[in-house]
Every structure is written in structure tokens, then in C-alpha cells.
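Letters A, B, ... mirror the listed sequences (proteins, then strands); counts begin at 1.
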2 protein chains.
Amino acid sequence: METVADNQNVKTVKKLEKMFGHIDYRHPPELCPVRDVMSVASDQWSTLIILWLGYFPVLRFNKLKKFVYGISNKVLSQRLKVLEADGYIERNAYPEVPIRVEYSLTEFGQSYVEKLLELTEWMQANSPKVLANREKYGLL
Amino acid sequence: METVADNQNVKTVKKLEKMFGHIDYRHPPELCPVRDVMSVASDQWSTLIILWLGYFPVLRFNKLKKFVYGISNKVLSQRLKVLEADGYIERNAYPEVPIRVEYSLTEFGQSYVEKLLELTEWMQANSPKVLANREKYGLL
DNA sequence: TCATATAGTTACTTTTTGTAACTTACTCTT
DNA sequence: AAGAGTAAGTTACAAAAAGTAACTATATGA
């Protein structure tokens with residue numbers, strides 16, 4: 001049953017939406033591009049892949065696998081496919097023997113990696129606080 | 001077997017590490033605070049919870065559940081616990097009947113939500129490109 | 001006495017991930 | 001000429017995470 005508070009929140013949301021224009025994430029993913037796109041791009045493995053490709057202009061499958069420590073062939077290959085489909089990375093295969101496949105960021109991927117680096121820097125700076133908090137919480 | 005290219009990359013990484021000082025994410029999560037902390041904070045559900053708490057200073061369990069469209073009681077309750085443990089949010093329970101529990105961002109959570117909003121804005125601005133790319137890729 | 005409300009929890013099912021062995025095709029070694 | 005090595009994956013199976021829906025406690029109001 002809707003309460004007065006509910007309606008107030010709904011109004012506030014509408015207002016905020018007008019102000020900011022970017023709070024679509026209250027919708028289910030299939031109706032909300034932001035949720036949809038974000039679920040691919042900020043997946044744990046995807047971010048690591050993209051960050052490494054931000055450092056090295058081109059990396060091959062097995063090299064990437066070494067840098068993205070702990071990823072399996074299966075997941076790496078899956079993620080590379082969706083990241084390619086979404087336009088972040090580029091795949092170039094050279095029919096040598098054995099085959100050589102090079103992955104690199106697209107221009108679009110480059111622009112994303114910059115955002116990602118900011119977040120990573122925040123994480124780097126703040127992870128000690130989180131770890132300390134976690135420890136304190138564990139004692140309660 | 002290590003190749004020359006391998007060693008070059010390792011050297012380059014070391015160099016980059018000195019320059020940037022924040023590429024710890026090549027380690028496994030249990031040795032890399034950044035990967036560890038990020039896996040909690042940029043989880044899909046966590047980000048939505050934090051974003052909503054960025055809009056509303058305090059939200060109760062069921063209200064949060066309505067905003068974070070599609071989340072289940074189980075996962076919401078799990079995420080709230082770890083977000084509290086990690087110091088992003090605060091839980092305040094009032095022993096009324098029925099019980100009232102209020103969630104809100106800590107100061108630390110506030111600082112994170114700002115970073116998160118930047119990322120969300122980028123997503124909002126760029127999701128059309130991603131969707132277009134995805135469509136084009138689907139036709140290949 | 002029975003329905004209502006909040007903030008969860010629990011048992012069970014389904015989906016997603018992880019593991020490790022296998023594949024293909026050619027070249028290099030013995 | 002047989003066998004090992006190599007890059008970039010794929011596949012079948014096991015384990016973990018997530019989703020589903022019913023259930024709990026406690027007091028209030030009908």
C-alpha cells in the first residue's frame with residue numbers, strides 16, 4: 001500500500017531526474033541502457049582487461065591471461081567477445097602458425113579507460129580505510 | 001617458457017608501476033587490496049544501492065528494495081551487510097513495532113558516490129554508442 | 001481472532017563461474 | 001618420420017553465487 005512518504009519520494013525522484021537526467025538505473029536492466037551497459041563494462045574481469053590494455057597498446061591472449069591474474073581461458077575468451085561487441089576493444093588475428101591474435105583498445109575503449117583509471121586511483125587511495133573498517137566490523 | 005617480449009613487458013610494468021604507483025591489480029584479489037575492495041564496491045547491486053542512497057539521505061529496507069529494481073530480499077540484505085562492513089553505509093535500527101531500520105551513506109560512502117556518479121554519467125552519455133556497436137556486431 | 005506491517009531468513013532451484021582436459025594445424029626436434 | 005611444442009581458444013563437468021518464494025517475530029488495529 002502506498003504511503004505519503006512513497007509519493008513524496010516518487011516526486012523527489014522525478015525532480016532529480018529532471019535535474020540530473022541520468023537516473024535511469026531504477027529500471028530493470030533490459031529497460032535501462034545504463035544498467036545494461038554498466039553490467040558489462042564494470043564487471044570485475046572486464047575492468048582488469050581494459051586496464052591492462054590501457055597500459056599496453058596491444059596484448060595477445062596468453063599475455064593478457066598472465067596480467068589478468070586468475071582469469072580462466074573460458075572467461076577471458078567470453079569477456080573479450082562481449083568487450084569487442086560493445087566496442088571497447090578490437091581483435092586482430094594473423095593467420096600465422098601458431099595463430100597470432102592481438103587485442104587492443106578502440107578509441108572508445110581509450111575514453112573509457114580514463115574514467116576507469118580515476119575510479120581505480122580512488123580505490124588505491126581508499127582501500128586501506130575499507131580494510132580497516134572491515135577489520136573493526138569483524139570484531140563486533 | 002619466457003620470451004624476450006615477456007621480459008620487456010615485465011620491465012615496462014615495473015617502470016609504469018614506478019610512474020603511476022597504482023597497478024597493484026595484477027595480483028590475485030587476496031593480495032591486492034584494490035581488486036578486493038573494488039569487487040565489493042563496484043558490484044552491480046552495490047552500486048545501485050549506493051547511488052540511491054546518494055539521492056535519498058536515508059532509506060529503509062523496503063524502500064531501497066523498490067528503488068533497486070529487481071533485487072531480492074536475500075541479496076539486498078547481503079549487500080547491505082558488506083557495504084556496512086566496508087564502511088560505505090550505516091545501519092540504524094529503531095525498536096518500534098514493526099521494527100524500523102534506516103540505511104544511509106557514511107561520509108566515506110558520500111565520497112565514493114561522487115566517483116560513482118561520474119562513471120554513471122559517462123555511461124549515460126555513452127550507452128547509445130555501445131548499443132549501436134552491439135547491434136552492428138550482431139549482424140556480422 | 002484474524003489480517004497487516006517491517007526487516008529480514010531459509011530451503012530449494014536456476015544460472016553463472018571456475019577447473020582442467022582437449023582441439024587444430026603447422027613447425028621444430030630427434 | 002614420429003613426437004613434442006605452441007597459440008588461441010573450446011568443452012564437459014563441478015562448485016559457487018544468485019534468484020524464488022515461502023516463512024518468522026512481534027505488536028497493533030479491525
Contacts of type side chain to side chain contact (heavy atoms under 4.5 Å, CB included), residue A:Lys129, not counting sequence neighbours | A:Asn126, B:Phe108

Hey, does A:Lys81 reach any base, or is it just sugar-phosphate, or nothing, if we go heavy atoms under 4.0 Å?
-> sugar-phosphate

Work out how much the helix from C:dT1-D:dA30 to C:dT30-D:dA1 bends between its end axes, five pairs an end, to the nearest 10 degrees.
-> 30°

Between the protein and nucleotides 2-4 of chain D, which nitrogen or oxygen pairs come in under 3.5 angstrom?
none

For B:Phe61, what residues pass the ring pair (Phe, Tyr, Trp, His ring centres under 6.0 Å) criterion, not counting sequence neighbours?
-> none

Side-chain polar contacts of residues 90-97 of chain B - donor-acceptor pairs under 3.5 angstrom, sequence neighbours left out - could you list them?
residue, atom, partner, partner atom, Å
B:Arg91, NE, B:Tyr103, OH, 3.3
B:Glu96, OE1, B:Arg100, NE, 3.2
B:Glu96, OE2, B:Arg100, NE, 3.1
B:Glu96, OE2, B:Arg100, NH2, 2.8

Report all interatomic pairs (protein N or O, nucleotide N or O of nucleotides 14-19 of chain C) with separations under 3.5 Å.
residue, atom, partner, partner atom, Å
C:dG18, OP2, A:Trp45, NE1, 3.3
C:dG18, N7, A:Lys74, NZ, 2.7
C:dG18, O6, A:Lys74, NZ, 2.7

Enumerate the protein-to-nucleotides 28-30 of chain C contacts in which both atoms are nitrogen or oxygen and the separation is below 3.5 Å.
none

Can you sort out the partners of A:Arg134 under salt bridge (charged side-chain N to carboxylate O under 4.0 Å, His left out), two or more places apart, ordered by chain and number?
-> B:Asp36, B:Asp86

Sub-3.5 Å donor-acceptor pair from the side chain of A:Ser46 to the main-chain atoms of A:Ser42, do we have one?
-> no

Using a 3.5 Å cut-off and no angle test, enumerate the donor-acceptor pairs between side-chain atoms of residues 73-81 of chain A and protein atoms at least two apart in sequence or in another chain.
residue, atom, partner, partner atom, Å
A:Asn73, OD1, A:Lys65, NZ, 2.7
A:Arg79, NE, A:Asp43, OD2, 2.9
A:Arg79, NH2, A:Asp43, OD1, 3.3

DNA chain C contacts among residues 87-105 of chain A, heavy-atom distance under 4.0 Å | A:Val97

